[in-house]
Amino acid sequence: MNQNFFDVSDKVIVITGGAGVLGGSMARYLLVQGARIVIISRSPDSVNAKVNELRLISDEVLGYTCDVLDKDALEEVKENILSHWGRIDVLINAAGGNMPGATIPPENTFFDLKIEDFRKVAQLNLEGTVVPSMIFGDAIVKQKKGSIINISSMAAYQAITRVVGYGASKAAIDNFTKWLATEFALKFGDQIRVNAVAPGFFIGKQNIKLLTNDDGSYTERAKTIIANTPMKRFGEAEELHGTVQWLISDASSFVTGIVVPVDGGFSAFSGV
């Protein structure tokens, strides 16, 4: 085993949702560490902007506009990557999201849920993790070594008000992570690992209006989150990097089927 247990240099790392805040931050960090990065996102403009940004650091970047639910398109991306670099070492399933119709604001009840939006959110988060794992996981299994990292959430640990669709689908990702880790280890050996990272609360484009007022002060929801986070602050995207690198590297060679909270203590706190 490499004595630099945390080394990720030259690993080919596919990141779905790689043009987003968390996925993009991971891509930048891992590129600096010497990895080869593949960005996948639905928006051509976002992919191009992120690839151009990352190529200021290194030329070892590829970008593809692709829907994570489209098996045929992902298959084509996989073949392109294998043709270019010859292997795929890591898949990070960072694509995901939410929709207003799959949430229950304070003035509504469960019976106002828009089931079609709920279905779309569940499909994006859960199937958007399963389908890329099928396509890119196939390449990882064939080379008999590699790692898949899924993105969970604090909404999977506890019932977080409002986000019913998002919470249900992220909880399903936790179960899928454990199932796939077991499946791969039993059938394909101990060199293929599947884990998940569960970020705590980070302020980003999707939730900034929910957590901050126009003057930059915290909303009541944000104050409740801080009150239940022992570290008394929101996380920064960069604070996921160490955990991701650990799960990718040989430093976690006997680790599979776990969900690692990176949450400032939120999941450990009873509120008392």
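Quick note: residue numbers are just sequence positions, from 1.
Applying the side-chain hydrogen bond (donor to acceptor under 3.5 Å, both in side chains) rule to Ser41 yields no partners; only residues at least two apart in sequence or on another chain are considered. Scored by the side-chain contact (heavy atoms from CB on, under 4.5 Å) test, Asp67 finds Arg42, Leu69, Asp70 as partners (sequence neighbours excluded). Every residue meeting the side-chain hydrogen bond (donor to acceptor under 3.5 Å, both in side chains) condition with Ser252, not counting sequence neighbours, appears here in chain and number order: Arg193. Annotation: ring pair (Phe, Tyr, Trp, His ring centres under 6.0 Å) contacts of Phe136 (sequence neighbours excluded): none. Not a single side-chain hydrogen bond (donor to acceptor under 3.5 Å, both in side chains) links Glu238 to another residue, sequence neighbours left out. Phe118 meets the ring pair (Phe, Tyr, Trp, His ring centres under 6.0 Å) test with no other residue; sequence neighbours excluded. The ring pair (Phe, Tyr, Trp, His ring centres under 6.0 Å) test applied to Phe6 returns no partner, not counting sequence neighbours. With sequence neighbours left out, Phe201 forms a ring pair (Phe, Tyr, Trp, His ring centres under 6.0 Å) with Phe266. The side-chain hydrogen bond (donor to acceptor under 3.5 Å, both in side chains) test applied to Thr224 returns no partner, not counting sequence neighbours.
With Asn108 contributing its side chain and Ile104 its backbone, the two residues share no donor-acceptor pair below 3.5 Å. The backbone N or O of Val90 lies less than 3.5 Å from no partner atom in the side chain of Ser147, so there is not a single donor-acceptor pair. Under a 3.5 Å cut-off, the side chain of Gln143 and the backbone N or O of Lys145 do form a donor-acceptor pair. Looking at Ser83, its side chain never comes within 3.5 Å of a backbone N or O of Glu79 through a donor-acceptor pair. With hydrogens and angles disregarded, no donor-acceptor distance shorter than 3.5 Å links the side chain of Ser25 to the backbone of Val21. The backbone N or O of Val61 lies less than 3.5 Å from a partner atom in the side chain of Arg55, making a donor-acceptor pair. No donor-acceptor pair under 3.5 Å is formed between the side chain of Lys144 and the backbone N or O of Ile192. Looking only at distances, a side-chain donor or acceptor of Asn195 sits under 3.5 Å from a matching main-chain atom of Ile258.
Ring-plane geometry between Phe188 and Phe184 is classed as perpendicular, the angle between the planes exceeding 60 degrees on a 0 to 90 degree scale with a lower cut at 30.
Under the 4.5 Å side-chain criterion, counting only non-hydrogen atoms from C-beta, Asp250 is not in contact with Asp7. Contact of the Thr129 side chain with the Asn125 side chain is not registered, since no non-hydrogen atoms from C-beta on lie closer than 4.5 Å. For the pair Lys71 and Glu75, the minimum side-chain heavy-atom distance is 4.5 Å or more. Contact check for Tyr218 versus Leu211: no side-chain heavy atoms found under the 4.5 Å cut-off. Residues Val259 and Ile173 are not in side-chain contact: their nearest non-hydrogen atoms beyond the backbone lie 4.5 Å or more apart. Two residues are said to be in side-chain contact when any heavy atoms from C-beta on lie closer than 4.5 Å; Thr16 and Leu91 meet this criterion. Counting heavy atoms from C-beta on, the side chains of Ile160 and Arg221 come closer than 4.5 Å.
Sorted by first and then second residue, the side chain to side chain donor-acceptor pair (under 3.5 Å) pairs involving residues 91-102 (not counting sequence neighbours) are Asn93-Ser133, Asn93-Asn150. Residue pairs meeting the side chain to side chain donor-acceptor pair (under 3.5 Å) criterion with at least one partner in residues 226-237, sequence neighbours excluded, are Arg233-Glu239. Sorted by first and then second residue, the side chain to side chain donor-acceptor pair (under 3.5 Å) pairs with a member in residues 263-272 read Asp263-Ser267; sequence neighbours excluded.
For the residue pair Ser217 and Asp215, a side-chain donor N or O sits within less than 3.5 Å of a side-chain acceptor on the partner.
Here the closest heavy-atom approach between residue Ile148 and residue Gly137 is recorded as CD1-CA, 4.3 Å. Scanning both residues, Leu22 and Ala237, for their nearest heavy atoms gives CD2-CB, 3.8 Å. Of all non-hydrogen atoms in Asp174 and Ala156, the two that sit nearest each other are OD2-CB, 3.5 Å. Between Arg162 and Pro106, the shortest heavy-atom contact is NH2-CG, 3.4 Å. Heavy-atom minimum distance, Val164 versus Ala102: CG1-O, 3.2 Å. When all heavy atoms of Cys66 and Leu74 are compared, the pair lying nearest together is SG-CD2, 3.5 Å.
Taking CD1 from Ile225 and CG from Leu210, the interatomic distance works out to 7.0 Å, rounded to the nearest 0.5 Å. Lys223 contributes atom NZ, which lies 4.5 Å from atom CD of Glu220 (distance to the nearest 0.5 angstrom). To the nearest 0.5 Å, atom CG of residue Leu30 and atom CZ of residue Arg28 are 12.5 Å apart. Atom CD1 of Ile203 and atom NZ of Lys209 lie 14.5 Å apart (nearest 0.5 Å). To the nearest 0.5 angstrom, Arg36 atom CZ is 11.5 Å from Leu31 atom CG. For the atom pair OG (Ser46) and CD1 (Ile39), the distance works out to 11.0 Å, reported to the nearest 0.5 Å.
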Could you give me the CA-CA distance, side-chain angles and deciding distance for Asp10 and Arg87, then say whether salt bridge (Lys or Arg N to Asp or Glu O under 4.0 Å) is met?
CA-CA 11 Å; Asp10 294 325; Arg87 68 183 195 275; 5.9 Å; no

Under the side chain to side chain donor-acceptor pair (under 3.5 Å) rule, what do Gln245 and Tyr29 come out as? Steps first, then yes or no, please.
CA-CA 9 Å; Gln245 182 170 355; Tyr29 173 77; 2.4 Å; yes

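A single hydrophobic cluster is seen to contain both Ile92 and Trp246, as judged by linkage of ILVMFWY side chains at heavy-atom distances under 4.5 Å, directly or through other members. Cluster annotation: Ile15 and Val262 are assigned to the same hydrophobic cluster (Ile/Leu/Val/Met/Phe/Trp/Tyr, side-chain heavy-atom contacts under 4.5 Å, transitive).
Salt bridge present: Asp138 and Lys142 bring a charged side-chain N and a carboxylate O closer than 4.0 Å.
For Leu56, the CG atom is densely surrounded, since the number of other residues' heavy atoms within 6.0 Å is greater than 12.
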